[in-house]
Structure formats: C-alpha cells, structure tokens
**Student:** 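Before I ask anything, here is the structure I am working with.
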Amino acid sequence: MWRRRLGALLLRSPPSSSSTAASSLQHRRHHLLPTQEPLALNRLARLFTSQAGSDGDGGHSQKPFIAFVLGGPGSGKGTQCTKIASDFGFAHLSAGDLLRHEIASGSEKGELILDIIKQGRIVPSEITVELIRKAMEMSNANKVLIDGFPRCEENRVAFERIVGTEPDIVIFFDCPEDEMVKRLLGRNQGRVDDNIETIKKRLKVFESLNIPVVDYYSSRGKVHKINATGTADEIFEAVRRIFSSLRF
Ligand SMILES: Nc1ncnc2c1ncn2[C@@H]1O[C@H](COP(=O)(O)OP(=O)(O)OP(=O)(O)O)[C@@H](O)[C@H]1O
Ligand SMILES: Nc1ccn([C@H]2C[C@H](O)[C@@H](COP(=O)(O)O)O2)c(=O)n1
Ligand SMILES: [Mg+2]
C-alpha cells in the first residue's frame with residue numbers, strides 16, 4: 001500500500017479547523033482526553049500534516065521501517081514513543097489514540113469502541129488495523145512506530161493480512177504490575193479506562209492475550225526487551241542504544 005500516492009495527495013488537504021474543534025468538544029464530552037492536554041487530536045493532526053520520516057520526494061515507494069511498541073498498560077509506551085519520534089524521526093501512530101479519535105468523531109463504530117475500551121477489552125482487529133493502515137498511508141512516513149499494537153494474536157494476523165507486512169522490530173517495555181497501576185492511577189488525563197476496575201481487566205487481558213504475541217515475535221528474533229523501571233530518561237537511554245544500532 002506504500003506504493004500508492006494517496007497519502008501525499010491527502011497531505012495537501014488536512015482536516016479543517018472547524019471539524020477538529022468539533023471533535024475536540026466531543027472528546028471532552030466523553031472525558032476521553034485530558035482537558036489540560038488535548039494531545040491525541042494534536043498528535044493526530046501532526047500525523048496527518050507532518051512529513052515525519054518521509055523521504056521528501058512527495059511519496060516513497062519502499063516499505064516503511066516498522067517498529068511495534070508493546071508493554072503493559074502504563075509501562076510507558078507513549079512516553080518513550082514521543083522521545084523516539086523526536087530523536088530518531090519516526091512517525092508515532094498510537095492505536096489507542098486512533099481509536100479514541102474514532103470515538104470522538106461520533107460515529108456508530110465509535111460508540112462500540114467506547115463500550116469496549118471502558119470494559120478493558122480489545123476492539124475487533126478489522127477496525128483497529130484499518131485505522132492504522134489509513135494513518136500509515138496518510139503519514140507517508142518511511143519510519144513508523146506503532147504504539148500499543150498488536151494487542152492479541154487476532155490483531156497480529158489481521159495486520160499481516162490487511163497491511164501485508166510484518167514489523168522489522170518489536171520493542172517490549174517490561175514493567176512490574178504495581179508500578180504500572182501506580183502510573184495509571186496518577187496519569188490524570190481523564191481517560192475513561194484509568195480507574196482501578198478497568199485497569200485490573202486491562203492487566204488480565206495483557207497477560208493472557210498480549211504476552212503470547214511478544215513470545216511469538218521473540219521466537220522470530222524480533223524483540224528488544226527493555227526494563228521499564230526508573231525514570232523516563234533512564235529508560236530512554238536503553239531505548240536510544242537500540243535505535244542507534246539500527247539501520248533504517
Ligand atoms: N519511567 C516513568 N516513571 C514514572 N512515570 C512514568 C514513566 N514513564 C511514564 N510515566 C507516566 O506514567 C503514565 C503512563 O505512561 P504512558 O501513557 O506513557 O504509558 P502507556 O504504556 O502508553 O499506557 P497505556 O497503555 O495506558 O496507553 C503517564 O502519566 C506518564 O507520564
Ligand atoms: N491494538 C489495540 C490498542 C488499543 N485498544 C483499546 C483497548 C485499550 O485498553 C485501549 C487503550 O489503548 P492504549 O492507549 O492503552 O494503548 O484501546 C485495542 O482494542 N486494540
Ligand atoms: Mg499509551
């Protein structure tokens with residue numbers, strides 16, 4: 001799909017500011033986004049308009065370098081992806097942010113997604129992969145971080161089928177449960193799933209469905225496991241060593 005030029009064409013017509021403002025209001029109504037940090041929409045807007053990682057010729061003809069970024073809820077995936085994007089020029093696509101953006105659009109699909117996220121369950125793969133596929137195409141980037149995906153075997157298989165490729169590497173942030181719970185309860189961004197009942201369910205889903213995906217990629221020699229305790233800067237030093245050694 002990266003051979004198509006659709007992404008480059010769409011980059012010329014980013015979403016209008018009025019539709020962005022309407023979405024933002026809907027986000028607040030659902031308490032999905034922090035009132036003090038409208039980051040998901042800003043990040044998505046950047047995604048749709050920036051040239052992060054593109055080759056500068058208005059479109060690239062090669063498969064992008066893809067890094068899946070995994071780890072339990074609150075392990076610091078988003079925090080570290082922001083740093084990787086800034087230091088290594090990757091486009092940052094967060095599966096969770098794309099799903100929250102779909103909820104904010106007010107679509108029927110968004111209502112289903114909201115219900116699933118509140119329950120700490122996983123959204124049907126077709127929906128998530130289609131959002132990721134479109135975002136990859138629109139970003140037109142040649143280096144992409146896909147944050148929080150794949151969350152289960154069904155996600156992984158759907159990505160291979162719909163996008164037609166595999167990740168080049170998988171980053172796995174390994175963090176103790178009590179630390180993840182502490183971070184999530186302190187996140188204070190108004191997310192509907194940052195409450196202890198939903199967190200317990202997300203942790204169970206992580207153990208039962210996501211760890212097997214990490215094991216699958218480990219058996220294929222693709223996983224870089226990082227100790228996700230310590231400060232964000234300390235963890236990023238380990239991340240930096242990995243990305244510095246890669247050939248994109
Ligand atoms: N190393 C760290 N030490 C302490 N707090 C951290 C660290 N890294 C991130 N945090 C904080 O922990 C919270 C969760 O981090 P983050 O949102 O990056 O996690 P995540 O893995 O993306 O979670 P989720 O899967 O729920 O999206 C945030 O409030 C963040 O500021
Ligand atoms: N591949 C994915 C990614 C996310 N979701 C849903 C379920 C998660 O609890 C929620 C939040 O994601 P996060 O921001 O924590 O990465 O979104 C999913 O169903 N499938
Ligand atoms: Mg996150």
Side-chain angles (χ1 to χ4, degrees), residues 30 32-34 36-37 39-40 43-44 68-85 92-104 109-110 112-133 135 145-159 162-163 167 170-195 197-210 213-214 226-239:
H30 289 302
L32 286 162
L33 278 178
Q36 69 275 52
E37 190 194 3
L39 98 174
R43 195 184 294 161
L44 281 163
F68 283 165
V69 181
L70 299 179
S75 58
K77 301 179 294 295
T79 303
Q80 295 298 323
C81 280
T82 302
K83 291 173 179 288
I84 301 166
H92 174 194
L93 309 187
S94 156
D97 282 353
L98 290 166
L99 292 168
R100 284 183 283 274
H101 189 252
E102 183 65 31
I103 296 170
K109 217 186 289 169
L112 169 78
I113 297 169
L114 175 60
D115 201 42
I116 293 172
I117 285 183
K118 277 183 181 166
Q119 294 175 46
R121 289 165 42 225
I122 295 177
V123 173
S125 300
E126 296 270 335
I127 295 178
T128 312
V129 173
E130 199 45 41
L131 291 172
I132 292 172
R133 188 193 65 74
L145 298 170
I146 306 187
D147 166 3
F149 183 94
R151 287 288 232 276
C152 59
E153 206 48 22
E154 190 204 50
N155 269 187
R156 179 185 72 73
V157 171
F159 185 88
I162 296 171
V163 182
V170 176
I171 303 293
F172 172 54
F173 290 107
D174 188 25
C175 194
E177 264 194 29
D178 55 351
E179 176 66 18
M180 294 195 279
V181 172
K182 194 173 85 185
R183 290 181 190 174
L184 292 175
L185 291 177
R187 181 153 55 183
N188 203 23
Q189 291 182 353
R191 274 179 52 164
V192 287
D193 50 353
D194 279 351
N195 59 79
E197 292 75 25
T198 311
I199 290 169
K200 281 183 189 162
K201 291 179 191 157
R202 290 160 72 195
L203 287 167
K204 276 197 185 142
V205 166
F206 170 67
E207 278 300 325
S208 60
L209 299 181
N210 206 341
V213 176
V214 177
I226 294 174
N227 176 353
T229 58
T231 67
D233 285 346
E234 284 165 353
I235 296 162
F236 189 60
E237 280 316 304
V239 172

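Counting convention: from 1, in listed order, for ligands and their atoms alike. The first residue of the sequence shown is numbered 1, and numbering continues consecutively from there.
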**Student:** Mind listing the N or O contacts between ligand 1 and protein, cut-off under 3.5 Å?
**Tutor:**
unit_1, atom_1, unit_2, atom_2, d
ligand 1, 1 (N), Arg183, NH2, 3.4
ligand 1, 1 (N), Gly230, O, 2.9
ligand 1, 1 (N), Ala232, N, 3.2
ligand 1, 17 (O), Arg187, NH1, 2.8
ligand 1, 18 (O), Gly78, N, 3.4
ligand 1, 18 (O), Thr79, N, 2.9
ligand 1, 18 (O), Thr79, OG1, 2.5
ligand 1, 19 (O), Gly76, N, 3.3
ligand 1, 21 (O), Ser75, N, 3.3
ligand 1, 21 (O), Gly76, N, 3.0
ligand 1, 21 (O), Lys77, N, 2.9
ligand 1, 21 (O), Lys77, NZ, 2.9
ligand 1, 22 (O), Gly78, N, 3.0
ligand 1, 23 (O), Gly74, N, 3.0
ligand 1, 23 (O), Arg187, NH1, 3.3
ligand 1, 25 (O), Lys77, NZ, 2.7
ligand 1, 26 (O), Arg187, NH1, 3.3
ligand 1, 26 (O), Arg187, NH2, 2.8
ligand 1, 26 (O), Arg191, NH2, 3.4
ligand 1, 26 (O), Arg202, NH2, 2.7
ligand 1, 27 (O), Arg191, NH1, 3.2

**Student:** Hey, are the side chains of Leu70 and Pro150 touching, using non-hydrogen atoms and a 4.5 Å cut-off?
**Tutor:** yes
**Student:** For a salt bridge (charged side-chain N to carboxylate O under 4.0 Å, His left out) check, start with the C-alpha distance between Asp193 and Arg121, then their side-chain angles and the critical distance, and finish with the verdict.
**Tutor:** CA-CA 10 Å; Asp193 50 353; Arg121 289 165 42 225; over 6 Å; no
**Student:** Please list, in number order, the atoms of ligand 2 under 4.0 Å from a heavy atom of Arg202.
**Tutor:**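 By the 4.0 Å cutoff, the relevant atoms are 9 (O), 15 (O).
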**Student:** Using a strict 4.0 Å threshold on nitrogen-to-oxygen distance, state whether Glu207 and Lys204 make a salt bridge.
**Tutor:** no
**Student:** What protein heavy atom sits nearest atom 12 (O) of ligand 2, and how far off is it?
**Tutor:** Arg151 NH2, 3.3 Å
**Student:** Do Glu179 and Arg183 sit within salt-bridge range, that is, some charged N less than 4.0 Å from a carboxylate O?
**Tutor:** yes
**Student:** Please report which non-hydrogen protein atom sits nearest to atom 7 (C) of ligand 2, along with the residue it belongs to and the distance in Å to one decimal place.
**Tutor:**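 Protein heavy atom at minimum distance: Arg121 O, 3.4 Å.
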**Student:** Ignoring hydrogens and angles, tell me if any N or O in the side chain of Lys77 forms a donor-acceptor pair with the backbone of Gly71 under 3.5 Å.
**Tutor:** yes
**Student:** Quick one: ring-ring contact (aromatic ring centres under 6.0 Å, His included) partners of Phe159, sequence neighbours excluded?
**Tutor:**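 For Phe159 the ring-ring contact (aromatic ring centres under 6.0 Å, His included) partners, ignoring immediate neighbours, are Phe68, Phe149.
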**Student:** Of all the non-hydrogen atoms in the protein, which one sits nearest to atom 17 (O) of ligand 2, and at what distance?
**Tutor:**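 Of the protein heavy atoms, Ile117 CD1, 3.5 Å lies nearest.
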**Student:** Is any NZ, NE, NH1 or NH2 atom of the basic residue among Lys118 and Asp115 found under 4.0 Å from an Asp or Glu carboxylate oxygen of the other?
**Tutor:**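 The answer is no: the pair does not qualify as a salt bridge.
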**Student:** Which of the numbered atoms in ligand 2 are under 4.0 angstrom from any heavy atom belonging to Phe149?
**Tutor:**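 Those atoms are 1 (N).
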**Student:** Any N or O of Asp97 that comes nearer than 3.5 Å to an N or O of ligand 2?
**Tutor:**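 Such a contact does not occur with ligand 2.
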**Student:** If you take all heavy atoms of Asp147 and Gly78, which pair is closest and at what distance?
**Tutor:**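 That closest heavy-atom pairing would be OD2-CA, 3.5 Å.
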**Student:** For the pair Asp233 and Lys83, find out whether any cationic side-chain nitrogen is under 4.0 Å from an anionic carboxylate oxygen.
**Tutor:**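 Yes, charged N to carboxylate O under 4.0 Å.
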**Student:** Tell me which part of Arg191 gets within contact of ligand 2: side chain, backbone, both or neither, using heavy atoms under 4.0 Å.
**Tutor:** side chain
**Student:** Mind checking whether Asn155 has an N or O less than 3.5 Å away from an N or O of ligand 2?
**Tutor:**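 N/O-N/O distance under 3.5 Å: yes.
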**Student:** Show which atoms of ligand 2 fall inside a sub-4.0 Å distance from at least one heavy-atom site of Arg100.
**Tutor:**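 With Arg100 as reference, the close atoms of ligand 2 come out as 11 (C), 14 (O).
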**Student:** Look up atom CD1 in Ile132 and atom OG in Ser94, then write down how far apart they are to the nearest 0.5 Å.
**Tutor:**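 With rounding to 0.5 Å, CD1 (Ile132) is 9.0 Å from OG (Ser94).
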**Student:** Could you check which of Val123, Val205, Leu99, Val69 puts a non-hydrogen atom nearest to atom 5 (N) of ligand 2?
**Tutor:**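 It is Leu99 that holds the nearest heavy atom.
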**Student:** State, yes or no, whether a side-chain contact exists between Leu184 and Pro73 at a heavy-atom distance under 4.5 Å.
**Tutor:**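 Contact flag for Leu184/Pro73 side chains = yes.
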**Student:** What atoms of ligand 2 come closer than 4.0 angstrom to any heavy atom of Gly148?
**Tutor:**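 Once the distances to Gly148 are compared, the set is 1 (N), 2 (C), 3 (C).
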